[in-house]
Amino acid sequence: MESINVAPGTTATPRMAPPPPPCTTNLQTLHYNNLLLHRNTKRWRPRSVSCSARAAGGGGRGVDRRDVLLGISGAAAMVATQGGGGGGALAAPIQAPDLGDCHQPVDVPATAPAINCCPTYSTGTVAVDFTPPPASSPLRVRPAAHLADRAYLAKYERAVSLMKKLPADDPRSFEQQWRVHCAYCDGAYDQVGFPGLEIQIHSCWLFFPWHRMYLYFHERILGKLIGDETFALPFWNWDAPDGMSFPAIYANRWSPLYDPRRNQAHLPPFPLDLDYSGTDPTIPKDQLIDQNLNIMYRQAIHELRLDMISGARKAQLFMGQPYRAGDQPEPGAGTVESVPHNPVHRWTGDPRQPNGEDMGIFYSAARDPVFFAHHGNVDRMWHIRRGLLFPGDTDFTDPDWLDASFFFYDEEARLVRVRVRDTLDPAALRFTYQDVGLPWLNAKPSTGAAGTPAPAGGAFPATLDKTVRVAVTRPRASRSREEKEEEEEVLVIEGIEIPDHSTYVKFDVFVNAPESGDGTATCAATCAGSVALAPHGIHREGQRSPRKTVARFGICDLLDDIDADGDKTIVVSIVPRCGCDSVTVAGVSIGYAK
């Protein structure tokens with residue numbers, strides 16, 4: 001149960017404190033850890049994006065909508081779309097779609113070319129249920145892309161070249177492979193039993209298992225084409241300093257791994273920004289790497305610790321919100337899907353294209369071979385969580401998750417029905433990841449009292465064309481350790497509404513950010529998280545609707561770190577970073593999650 005406790009009747013103060021820097025930190029004393037792991041689309045007019053933080057006023061918009069990525073990050077970020085999510089009308093699992101009823105994707109932007117997202121399908125094709133490979137079959141070891149040797153690269157390039165040469169209607173062809181992602185991500189399939197209600201595997205608890213099996217079959221098709229049962233896809237090791245640039249194996253213009261529709265300013269060795277907001281930072285590379293590691297800590301350590309302490313409900317923080325038959329799409333993304341998954345897509349896509357194609361938008365993302373390396377590392381985060389950080393964790397035990405199902409074509413071009421329960425054990429699927437270091441395990445930002453908070457001012461509903469600061473009353477302060485382990489304190493940003501589907505939106509959320517908050521490390525210590533909403537349309541009842549979202553951030557540890565656990569009132573700052581001029585927020589409250 002969540003209770004709203006916002007200071008009533010607050011008014012704007014005449015003196016506005018400057019907004020704090022973005023939610024990043026400079027880890028001056030970082031010691032790297034060497035721990036290893038062995039129907040018809042309704043057309044609409046897009047606008048251009050402007051990404052800049054403002055303390056007051058301003059304008060600017062950008063990109064295109066529906067296809068790229070919802071993002072919420074933070075010290076336990078959790079997103080839920082209003083009216084969707086937790087308990088669907090029938091409380092039943094999402095079922096594999098009727099492939100014969102694939103239609104024009106409803107969520108592709110108006111500026112995209114006319115496309116057909118529907119994978120090949122012949123009427124009467126009978127699907128087989130998935131069976132894992134024999135335990136005696138070779139273990140495929142996925143290498144870090146930046147560590148791949150020439151022999152591996154030659155094999156990989158040959159496999160992709162052969163896939164691209166397959167007939168366009170062969171379900172194993174590269175042409176068909178990217179369509180699979182497009183169909184499941186852009187509304188080409190309706191939910192079984194709910195005509196007009198699309199299937200969407202992003203921003204929900206299906207994100208990790210669906211993408212795992214998408215890569216699984218893609219990998220096995222490539223191996224089959226070159227007659228190598230040990231072939232494994234590489235992963236983009238963006239969570240370690242040596243992998244924090246675009247993988248060089250994809251940058252050769254004469255390689256089948258090359259895609260010309262990429263951001264040409266971000267080719268290697270240009271450093272990757274895991275918190276990308278549409279513009280490149282101007283800080284030194286070493287500082288950017290430190291900030292990236294801090295983001296990884298925030299996304300993969302703090303969030304996961306909450307999973308372990310609080311049990312099944314906290315799995316939603318990492319995996320995403322429940323999504324059942326009859327639910328509206330996108331009930332809420334998990335931490336890694338939000339950041340760094342979404343910013344890396346955006347960072348890679350080509351700003352010369354109207355929608356950031358290819359990687360920058362859902363419908364075309366899988367046209368770029370680097371998509372599979374990016375999602376290899378996303379999947380690796382799930383593998384790390386279950387195998388190293390919290391061995392034995394079961395994520396969810398809900399049958400509506402375990403029995404959700406999808407269709408894929410395998411290396412023999414057979415149609416296969418896969419259920420989530422089939423996806424949980426990489427060892428049973430006969431793949432693993434190369435052992436590399438996890439330097440972000442030690443990348444916690446410095447802690448300590450944040451100083452006097454900047455003054456609160458303003459009232460809700462509020463438009464994020466400037467920084468919004470509000471005083472929020474905490475129902476319970478100075479809770480015991482046992483109480484905190486029983487219930488996580490959750491900061492809720494309510495009624496986030498984005499009317500412009502073509503806009504890439506990002507804002508940061510701080511707790512008790514100091515008025516003299518120009519110190520990056522101090523601001524990082526007070527950051528609850530970030531909300532990043534990439535261009536993405538919502539199709540309801542035949543029309544595009546304003547996107548409505550709720551952001552949740554677990555703040556128990558944050559309050560302890562900034563010595564604010566005893567405070568009965570905290571100041572919450574919502575700082576716009578990109579495309580927020582028409583974004584509104586209905587309120588801020590404190591809730592508790594068991």
Do you know the tightest heavy-atom contact between [X] and [Y]?
X    : Y    : result
I249 : L257 : O-CD1, 3.5 Å
P143 : Q434 : CA-OE1, 3.3 Å
P269 : K285 : O-NZ, 4.4 Å
R140 : G223 : NH1-CA, 4.4 Å
S338 : P343 : O-CD, 3.2 Å
Y152 : L233 : OH-C, 3.5 Å

Distance in Å, [X] [atom1] paired with [Y] [atom2], rounded so as to fall on 0.5 Å steps:
X    : Y    : atom1 : atom2 : result
D273 : I289 : CG    : CD1   : 11.5 Å
I384 : D239 : CD1   : CG    : 6.0 Å
E337 : C204 : CD    : SG    : 7.5 Å
L162 : I226 : CG    : CD1   : 8.0 Å
M296 : L438 : CE    : CG    : 8.5 Å
H218 : H181 : NE2   : NE2   : 12.0 Å

Is E229 atom CD crowded by more than 12 heavy atoms from other residues, nucleotides or ligands, each under 6.0 Å away?
no
Is it true that atom NZ of K164 has more than 12 heavy atoms of other residues, nucleotides or ligands lying nearer than 6.0 Å?
yes
Are [X] and [Y] close enough that some pair of their side-chain heavy atoms sits under 4.5 Å apart?
X    : Y    : value
Q353 : D358 : no
I94  : Q191 : yes
P351 : N263 : yes
L222 : F372 : no

Presence of salt bridge, R220 and D410, under 4.0 angstrom:
no
Lys/Arg-Asp/Glu bridge criterion (N-O < 4.0 Å) met for D259, R367
no
Which of these, V378, V436, D379, sits in a side-chain contact (heavy atoms from CB on, under 4.5 Å) with F235?
V436
Can you check whether W401 and Y323 have ring centres sitting under 6.0 Å from each other?
no
Could you check whether [Y] and [X], counting side-chain N and O atoms only, form a donor-acceptor pair closer than 3.5 Å?
X    : Y    : answer
D290 : N292 : no
S255 : E157 : yes
Y409 : Q177 : no

What class does the angle between the rings of [X] and [Y] fall in, given that below 30° is parallel, 30 to 60° is tilted and above 60° is perpendicular?
X    : Y    : value
F406 : W210 : perpendicular
H211 : F371 : tilted
H341 : H374 : parallel
W382 : F208 : tilted
F207 : H202 : tilted
F408 : Y214 : parallel

Go through it in stages, so that I can follow the logic: the residues are I201 and Y189, the test is side chain to side chain contact (heavy atoms under 4.5 Å, CB included), and I'd like the CA-CA distance, side-chain angles, deciding distance and then a yes or no.
CA-CA 11 Å; I201 50 80; Y189 293 133; over 6 Å; no
Side chain to side chain contact (heavy atoms under 4.5 Å, CB included), that's the test. Do V336 and R380 meet it? Break it down for me.
CA-CA 11 Å; V336 169; R380 178 171 160 263; over 6 Å; no
One pair to check against ring-ring contact (aromatic ring centres under 6.0 Å, His included): F246 and F270. What are the steps and the verdict?
CA-CA 7 Å; F246 188 83; F270 194 87; over 10 Å; no
Worked verdict on V180 versus F217 for side chain to side chain contact (heavy atoms under 4.5 Å, CB included)
CA-CA 11 Å; V180 174; F217 287 110; over 6 Å; no
Stepwise side-chain hydrogen bond (donor to acceptor under 3.5 Å, both in side chains) test for N237 and D242
CA-CA 8 Å; N237 190 199; D242 289 345; over 6 Å; no
State whether F318 and R385 meet the cation-pi test: NZ (Lys) or CZ (Arg) under 6.0 Å from the six-membered ring centroid, and within 45° of the perpendicular axis.
yes
Mind running side chain to side chain contact (heavy atoms under 4.5 Å, CB included) on Y216 and V418 for me, showing each step along the way?
CA-CA 11 Å; Y216 171 86; V418 179; over 6 Å; no
Exactly one candidate in E411, E219, E412 meets side-chain hydrogen bond (donor to acceptor under 3.5 Å, both in side chains) with K224; the answer is E412
Check C102 against C117 for me: are their SG atoms closer than 2.5 Å?
no
